[in-house]
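Letters A, B, ... are given to chains in the order of the sequence lines, protein chains preceding strands, and every chain is numbered from 1. For clarity, every value in this text was computed on a predicted model and none was experimentally measured.
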Protein chains: 2
Amino acid sequence: MATRRRGEELERAILHAAAEELRESGYAGMTMDRVAARAGTNKNAIYRRWPHRAALGIAAYRHLSDATMPNPDTGTLRGDALEMLRQANQTWSSPHGVVLRGLLAAAADDPTLLDLMRERSGADTMDRAWLTMLERAVARGEAPPGAVHPRVASMPMMLLRAEYAMRGIPSVPDEVLIEIVDDVFLPLVRGRA
Amino acid sequence: MATRRRGEELERAILHAAAEELRESGYAGMTMDRVAARAGTNKNAIYRRWPHRAALGIAAYRHLSDATMPNPDTGTLRGDALEMLRQANQTWSSPHGVVLRGLLAAAADDPTLLDLMRERSGADTMDRAWLTMLERAVARGEAPPGAVHPRVASMPMMLLRAEYAMRGIPSVPDEVLIEIVDDVFLPLVRGRA
DNA sequence: GTCAATAAGGTACGCGACGTACCTTATAAG
DNA sequence: CTTATAAGGTACGTCGCGTACCTTATTGAC
């Protein structure tokens with residue numbers, strides 16, 4: 001080894017190693033010893049930076065995903081909404097999604113960790129995207145002004161999340177997304193006239 | 001000890017002990033050794049009946065709650081819906097709810113366990129209750145026939161669940177329940193005319 | 001009433017994994 | 001050049017799950 005890494009550089013190496021472990025084994029399979037070994041360091045260096053495994057897992061998660069926020073503009077509210085849900089469904093059923101759900105499960109009983117998760121997972125910017133989507137629909141005369149409402153905007157994603165939480169892992173079928181849009185979301189928008 | 005317990009009797013004793021542990025320490029704090037000790041037996045007797053901790057936890061959960069299904073009839077759809085949500089909110093924020101959420105988190109990555117959970121937690125009968133609620137509203141002329149729809153019926157509970165999953169533990173404030181009913185559920189029912 | 005089959009009790013252990021303690025060694029800063 | 005700071009090495013303590021193996025009680029068949 002040329003020289004001994006410290007500070008920033010070492011921290012990045014640890015996060016990188018942790019992210020790889022997450023990708024390969026999920027959060028449940030990510031062990032501190034393996035992360036340390038993979039980063040070419042030891043557990044001390046990790047515990048000097050993060051208080052416990054969960055914190056490292058959450059911190060490493062951002063290294064896994066670029067969190068590219070979709071912003072579809074298909075010309076119709078229905079098309080936009082379906083596209084948003086499909087993108088989300090794809091993310092959640094990908095390996096990233098498996099990791100994310102593992103982290104959520106681990107954080108479930110610790111509000112501190114949940115807050116960290118919300119930051120990292122970009123749930124807030126997601127709600128923003130839905131709101132601007134609704135605003136565009138109102139501008140087109142496709143939806144009544146009353147439809148621009150935070151609870152309306154967040155509802156479809158919440159239903160999707162709940163779908164994942166109830167059923168097992170693999171992926172939510174496309175018909176369910178269509179039902180969410182056609183049987184729930186659009187009628188709700190209409191009903192808020 | 002008078003005589004050595006076996007079969008049914010022993011099984012009940014184990015489940016009872018496990019339920020007590022769940023109540024006192026939640027699922028995360030329920031250890032096999034403590035359950036065995038509390039039941040006055042040893043781990044063998046447990047592992048001969050359940051393959052692992054999670055299975056015991058789920059089996060013991062039913063000993064904790066009587067699962068009394070509410071069926072309010074306040075005369076208005078709004079009143080019924082609010083009452084349902086309030087009851088659910090109370091259950092979920094009680095000690096039982098803490099246990100339930102711990103179990104859900106533990107089962108999150110195992111479809112087998114999730115199925116067990118759904119059986120035990122009576123989610124299906126819950127959806128039934130919402131559907132009959134909607135049917136009553138239709139009969140009163142308070143809602144259009146199109147409102148009787150499984151996704152409409154399950155939506156409010158799903159939103160409540162998601163609220164718990166996102167925020168931490170304690171309890172969802174009543175204003176949120178009111179928003180779910182007034183800003184989402186009722187407009188949706190209206191919109192399905 | 002005797003005797004096998006079955007189930008419970010006792011005890012110990014392997015193992016994986018978290019988090020900690022303590023010391024040694026390199027690097028940076030004054 | 002010296003001293004503070006941070007990294008590396010290594011070994012533990014602790015918990016808790018799940019298993020193995022043997023001893024002891026109970027039951028039911030003969």
Side-chain angles (χ1 to χ4, degrees), chain A residues 1-18 20-22 24-60 99 102-103 105-110 112-113 116, chain B residues 1-18 20-22 24-60 99 102-103 105-110 112-113 116:
Chain A
M1 98 184 54
T3 99
R4 187 181 269 187
R5 295 162 303 180
R6 3 171 86 203
E8 275 286 299
E9 186 189 356
L10 182 56
E11 181 157 335
R12 271 199 311 274
I14 294 172
L15 282 172
H16 184 69
E20 293 282 299
E21 288 290 324
L22 278 182
E24 289 178 12
S25 323
Y27 175 67
M30 180 194 92
T31 78
M32 299 305 258
D33 294 85
R34 293 236 305 278
V35 171
R38 184 165 210 150
T41 180
N42 61 21
K43 287 193 289 181
N44 288 330
I46 302 179
Y47 279 105
R48 280 179 197 124
R49 290 176 168 77
W50 296 275
H52 42 242
R53 195 172 76 101
L56 173 63
I58 293 173
V99 171
L103 284 171
D109 54 355
D110 186 335
T112 312
L113 296 180
L116 268 183
Chain B
M1 100 183 51
T3 99
R4 187 181 268 185
R5 296 163 302 181
R6 5 171 84 201
E8 274 285 298
E9 186 189 356
L10 181 56
E11 181 157 336
R12 271 200 311 274
I14 294 172
L15 282 172
H16 184 70
E20 294 282 296
E21 288 291 324
L22 278 181
E24 288 177 14
S25 324
Y27 176 67
M30 179 194 94
T31 77
M32 299 304 258
D33 294 85
R34 293 236 304 278
V35 171
R38 184 164 209 151
T41 180
N42 62 20
K43 288 193 290 181
N44 287 331
I46 302 180
Y47 280 106
R48 280 180 197 125
R49 291 175 168 77
W50 296 274
H52 42 242
R53 196 172 77 98
L56 174 61
I58 293 173
V99 171
L103 283 171
D109 53 355
D110 186 336
T112 312
L113 297 180
L116 269 183

CD of A:Glu8 versus P of D:dT5: gap in Å, rounded?
19 Å
For B:Ile46 and D:dG16, give me the distance from atom CD1 to atom C1', rounded to whole Å.
13 Å
B:Arg5 side chain near D:dT27 phosphate (N/O to OP1/OP2, under 4.0 Å)
no
Using whole Å, report how far CE of A:Met30 lies from C1' of C:dG16.
15 Å
For the side chain of A:Met32, counting heavy atoms from C-beta on, which of C:dC18, C:dT27, C:dA8 is nearest?
C:dC18
Sequence neighbours left out, what passes salt bridge (Lys or Arg N to Asp or Glu O under 4.0 Å) with A:Glu24? Give chain and number order.
A:Arg38
Contact between A:His52 and A:Leu113 at the side-chain level, heavy atoms closer than 4.5 Å - yes or no?
yes
Atom OH of B:Tyr47 and atom P of C:dG10 are separated, to the nearest Å, by 18 Å
Between NZ of B:Lys43 and C1' of D:dC17 the distance, given in whole Å, is 6 Å
From the options D:dT26, C:dA8, D:dG16, select the nucleotide whose nearest atom is closest to the side chain of B:Arg48.
C:dA8
Classify the side chain of B:Arg6 versus the base of D:dT27 as yes if they form a donor-acceptor pair under 3.5 Å and no if they do not.
no
So do the side chains of A:Ile14 and A:Leu10 get within less than 4.5 Å of each other, counting heavy atoms only?
yes
Nearest to the A:Asn44 side chain among D:dG8, C:dG19, D:dG9, which nucleotide is it?
D:dG9
For the pair made of CG in A:Asp33 and C1' in C:dG16, what is the distance, rounded to whole Å?
9 Å
Consider the side chain of B:Leu10, meaning its heavy atoms from C-beta on, and name the nucleotide among C:dA8, C:dG19, D:dG16 that approaches it most closely.
C:dA8
Between B:Arg53 (side chain only) and B:Tyr27 (backbone N and O only), is there a donor and an acceptor less than 3.5 Å apart?
yes
Minimum side-chain heavy-atom gap A:Leu15-A:Leu56 below 4.5 Å:
yes
Donor/acceptor link under 3.5 angstrom from B:Asn42 side chain onto base of C:dA12:
no
Separation of B:Arg34 atom CZ from D:dG16 atom P, in whole Å?
7 Å
For DNA chain C, whose closest nucleotide is more 5', that of B:Arg49 or that of A:Gly29?
B:Arg49
Measure from the side chain of B:Thr41, starting at C-beta and using heavy atoms only, and say which of D:dG8, C:dG9, C:dT20 lies closest.
C:dG9
Whichever of A:Ala28 and B:Ala45 has the more 5' nearest nucleotide on DNA chain C, that residue is B:Ala45
Nearest-angstrom distance from the residue atom CG of B:Leu56 to C1' of D:dC17
13 Å
